[in-house]
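Note that the structure is a prediction, hence the values are computed from the model and not measured. Just so it is clear: chains get the letters A, B, ... in the order the sequence lines come, proteins before strands, and each one is counted from 1. These values consider heavy atoms only, across backbone and side chains, with no hydrogens, waters or symmetry-generated copies.
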Amino acid sequence: NLFKSDITEEIIEKIEEDLILSDVSVDTTLKIIKRFREERKKNSREPIEIFKNIIEEIMPDNNLKIEKGRLNIIFVFGVNGVGKTTTIAKLAKFYKDQGFSITLAAADTYRSGAVDQISVWAERVGVHLVKHEGKSKPSAVIFDAIDSAIARERDLLIVDTAGRLHNRENLIQELEKLNKILKTKAQDAYKYNLLVLDATTGQNALQQAKTFSEHIGIDGIFLSKIDSTAKGGIAITIANELKIPVVFVGTGEKLDDIEDFDKKDFVESIFE
Amino acid sequence: RLQEKIKDVFRNLSGSGKISEKNIEDGIREIKLALLEADVNYKVVKEFVDEIKRESIGQKVISNVNPVDLFYKIVYEKIKEYLGPENKGFDIKPGKTNIVMLVGLQGSGKTTTAAKLAYFFKDKASPLIVGADIYRPAAKEQLRNLAVSNNFAFYTEDKDPVTICKNAINYAKKNLHNLVILDTAGRLHIDNELMKELVDIKKAVLPDYIFFVADAMVGQSIVDVAKSFDEHLDINGVILTKFDSDAKGGATLSIKKVTGKSISFIGVGEKIQDFEVFYPERIASRLIG
Ligand SMILES: Nc1nc2c(ncn2[C@@H]2O[C@H](COP(=O)(O)OP(=O)(O)OP(=O)(O)O)[C@@H](O)[C@H]2O)c(=O)[nH]1
Ligand SMILES: Nc1nc2c(ncn2[C@@H]2O[C@H](COP(=O)(O)OP(=O)(O)OP(=O)(O)O)[C@@H](O)[C@H]2O)c(=O)[nH]1
Ligand SMILES: [Mg+2]
Ligand SMILES: [Mg+2]
C-alpha cells in the first residue's frame, strides 16, 4: 500500500505540472489537488479519472438559450485582439445555418478598419449589417441596430464592440452604457452577454473576467484560438472562481471553426 | 503582498545567522508562487528558484543587513540577469534600405505596431509601411488607414506576400524610403505552411530586423511559440504589446530565457504614440512588486 501511495504522489506532481502548464492558476490547481486527496480516500478509481471528474464538475453547464420566435441579442465584448469580430462572423453562420434571421451591429466605431472588417464578414455569411459610415458612436449604431432588428422581426442581433482593456476605466464605463441601452431599449429581448477570451492568455484572464463580470455581467464565455498549443486552463480557473460557463470554442480563422463547448473533450485535451 | 510575505519568512532570522536551506524554503515558495501568477513559464520558474536557492544558502547575514533585503536583492538581481543587459533595440543604418519584419500570433498587435514603428522613427527615417497580410478581411485597409492618417507611405498589391514584400523593397528604393516595415498575417507556430511563408519572405528580402510581436497577457504556451518562431527565423528582438494592461508580463522573462532574444520595445496603448523602448527594471518591480 505504501508503494501505491508513492505512485500517487508522482501522479499528483505530474498533474500539478500539467495544470500549471495549461494556464490553470496556482490557487485553483491547489484546490483541485486538495479535492483529489479527499476523493482518493473514498474512491479507488484511477487517479487521472478522479482528476478529470473533479474538473468537469467545476465547469458549469451551457446556459445559452437562443430560441426562434423572439429577439435574441448576443452582446460581444473582450480585450483587444481576442477574436470578437471573427467570432461574431462564426456565430452568424452557425445560427443562419439553423434558420435564424440575423442582424449584426458594427459598434466598434473606433479601431482602424473595424467596420470594413465586419462588412466583409457580413457579406460572406450573407447577413444584414447595421453600420455607420464616417465618424460615429457605438451607442448610435446600437440604437439603429435594435430598431432595425425589431422592424425586420429578426430572431438574432449580434453586437460587436471595440476591444478594450479591463483596466481602462473610461472604456469600461462606455461598455456599461452600451449594456444599459441594450437592456432598456430591447426590454423583451433575450439578452446574452458573451465574453470572448483568447485561450493563449495567462492569469490576466481571471482579472479580465472579474472586471467585466462586476461591471456588466457575463452570461458565458467564447474561448477562442484553442487550435493554438495553449490549453485554455484559464477557463477552469474562471469556472472555479466565478462559475461562468464556456459555451463555444474557436478552433481556427474560418467561418466553420466554431464548436459547442464539450466539457469531456476539453478536460481530455488538458491531460493529453 | 510579496514583500510582507518575505518579511515573515525571515522574521526569525537574527543578525550573524546564515540563510539556511530551512528558512529559505518558505521564501523560495513565495517567489515561485509570485512568478507563476505572473505567467512566467513553469520550467523557467523551476530553474530560477534553484539558482536563487544555491546563491542564497550560506550567505552570511551580517548584523546590520536585513535578511529580507538581502534575499530580495538576490531575487531582483536574478530577474535582471534573466532579462539580459539593456537592449539597444534597433537603429536606422545610414545609406541603406533598413528592412523590418513583424511576425507573431493572431491578434498580438503587429499591424498597430507597424504604424507605431514608423511614427517612432519618423524623424530619423522616411518609412514605407507594407501590407503583406492577404488573409485577414480588411487587413490591408486597416494598415492603409493607419498609414494615411499619419502621413506615411503605404505599399501593397494584389499578389502573394513574398511578391508584395519584394516589390515593396524596390518601390522603397525608387521613392527614397530608407525604412521598410513589413506587416505579416498572424499565424500559429504549428502551421507549417504559414511558417514556411515567413521563411520565404525572409529569404526574398533579407530583413535587417525581424521582431516577434507578442501580447503581454500571454500565458505558459508562449515559450513554445517564441522558440518556434526563433528556430524558423532567427528573430532579432521581441516587441511586447498591451503592456498598458495590468498583466504582470512574466512572458518577458520566459521568452528571453528560452530564446536569448531581448525585448526591444513595448506597446502601451492603442494610439500611434503609445510605444516605448523597453527597460528591464520596469519588469522586475512589476513581477515582484
Ligand atoms: N487561430 C485562430 N485565430 C483566430 C481565432 N479567432 C480569431 N482569430 C484570429 O485572431 C485575429 C484577431 O481577430 P479579430 O476578430 O480581429 O479580434 P477582435 O477581438 O475583434 O480584435 P479587436 O476588435 O481589435 O479588439 C485574427 O487574425 C483572427 O483571424 C481562432 O479561434 N483561432
Ligand atoms: N491597449 C493596447 N492595445 C493594443 C496595443 N497594440 C495593439 N493593440 C490593439 O490590439 C488589437 C489587435 O491589434 P492588431 O494590430 O490588429 O493585431 P495583429 O497582430 O495585426 O492581428 P492579426 O493581423 O489578426 O494577427 C487592436 O484592437 C489594437 O488596437 C497596445 O499596446 N495596447
Ligand atoms: Mg474586432
Ligand atoms: Mg494584423
Side-chain angles (χ1 to χ4, degrees), chain A residues 16-27 29-30 79-86 89 110-124 162-168 171 198-208 211 224-225 227-234 252-253, chain B residues 32-43 45-46 105-112 115 135-149 185-191 214-225 228 241-242 244-251 269-270:
Chain A
E16 179 183 91
E17 180 168 323
D18 280 351
L19 293 177
I20 299 285
L21 285 173
S22 301
D23 289 313
V24 179
S25 72
V26 170
D27 206 55
T29 299
L30 294 177
V79 303
N80 307 69
V82 295
K84 299 176 291 301
T85 305
T86 312
Y110 170 73
R111 206 207 68 209
S112 166
V115 177
D116 294 316
Q117 182 185 11
I118 195 171
S119 297
V120 172
W121 280 123
E123 193 167 328
R124 282 190 196 173
R164 70 201 65 223
L165 291 183
H166 52 290
N167 56 327
R168 287 286 308 274
L171 299 182
D198 184 330
T200 67
T201 311
Q203 299 313 306
N204 193 255
L206 178 60
Q207 202 46 50
Q208 292 173 26
T211 307
S224 67
K225 309 183 195 173
D227 48 315
S228 68
T229 54
K231 296 294 181 71
I234 54 177
E253 303 192 68
Chain B
K32 185 174 175 198
L33 290 179
L35 293 177
L36 284 177
E37 281 169 17
D39 291 318
V40 180
N41 184 266
Y42 191 72
K43 303 196 166 86
V45 172
K46 271 199 184 161
L105 294 175
Q106 292 89 346
S108 61
K110 298 174 292 302
T111 303
T112 312
Y135 309 104
R136 170 172 154 157
K140 291 175 179 177
E141 280 76 2
Q142 178 187 8
L143 191 52
R144 177 182 281 114
N145 290 347
L146 285 173
V148 164
S149 56
R187 67 205 63 214
L188 297 181
H189 56 301
I190 51 175
D191 187 327
D215 188 323
M217 305 180 271
V218 82
Q220 295 284 318
S221 68
I222 199 62
V223 157
D224 290 338
V225 178
S228 178
T241 64
K242 308 175 205 173
D244 47 315
S245 69
D246 55 4
K248 305 253 175 58
E270 295 192 73

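- Between the side chains of B:E270 and A:N80, at least one donor N or O lies within less than 3.5 Å of an accepting N or O.
- When heavy atoms are compared at a cutoff of 4.5 Å, B:L146 approaches chain A by way of both its backbone and its side chain.
- Looking at A:T201, the atoms closer than 4.5 Å to chain B (heavy atoms on both sides) sit in the backbone and in the side chain alike.
- For A:D27, no part lies under 4.5 angstrom from a heavy atom of chain B.
- Under the 3.5 Å distance criterion, the side-chain polar atoms of A:N167 are matched with a main-chain donor or acceptor of B:D244.
- Interface remark: A:Q117 contributes backbone and side-chain atoms alike to the contact with chain B (heavy atom separation under 4.5 Å).
- Heavy atoms closer than 4.5 Å to chain A are found in the side chain of B:N41, but not in its backbone.
- In this structure, the portion of B:R136 lying under 4.5 Å from any heavy atom of chain A is its side chain and not its backbone.
- Of the atoms belonging to A:E253, it is side-chain heavy atoms, and not backbone ones, that fall under 4.5 Å from chain B.
- Proximity to chain A is absent for every atom of B:K140, based on heavy atoms less than 4.5 angstrom apart.
- Panel note: side chain A:D116, backbone B:E141; no donor-acceptor pair is recorded below 3.5 Å.
- If you measure heavy-atom distances from B:K46 to chain A, the contacts under 4.5 Å come from the side chain alone.
- Within the 4.5 angstrom heavy-atom criterion, only side-chain atoms of B:L188, from C-beta onward, approach chain A.
- Looking at A:N204 and B:D39, their side chains never bring a donor and an acceptor atom within 3.5 Å of each other.
- You'll find the side chain of A:R111 stays beyond 4.5 Å of the side chain of B:T112, heavy atoms only.
- Only the side chain of A:K225 comes within contact range of chain B, judged by heavy atoms closer than 4.5 Å.
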Going through the checks in order, is the side-chain contact (heavy atoms from CB on, under 4.5 Å) test met by B:K248 and A:Q203? CA-CA 9 Å; B:K248 305 253 175 58; A:Q203 299 313 306; over 6 Å; no
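- Interface check for chain A: of the options B:P137, B:G186, B:S221, B:A138, the most heavy-atom pairs under 4.5 Å are formed by B:P137.
- The part of A:R124 that comes within reach of chain B is its side chain, from C-beta onward, which places non-hydrogen atoms under 4.5 angstrom from that chain.
- Looking at A:V79, only its side chain comes within 4.5 Å of chain B, counting heavy atoms on both sides.
- Looking at heavy atoms from C-beta onward, A:L165 lies in side-chain contact with B:M217 at the 4.5 angstrom threshold.
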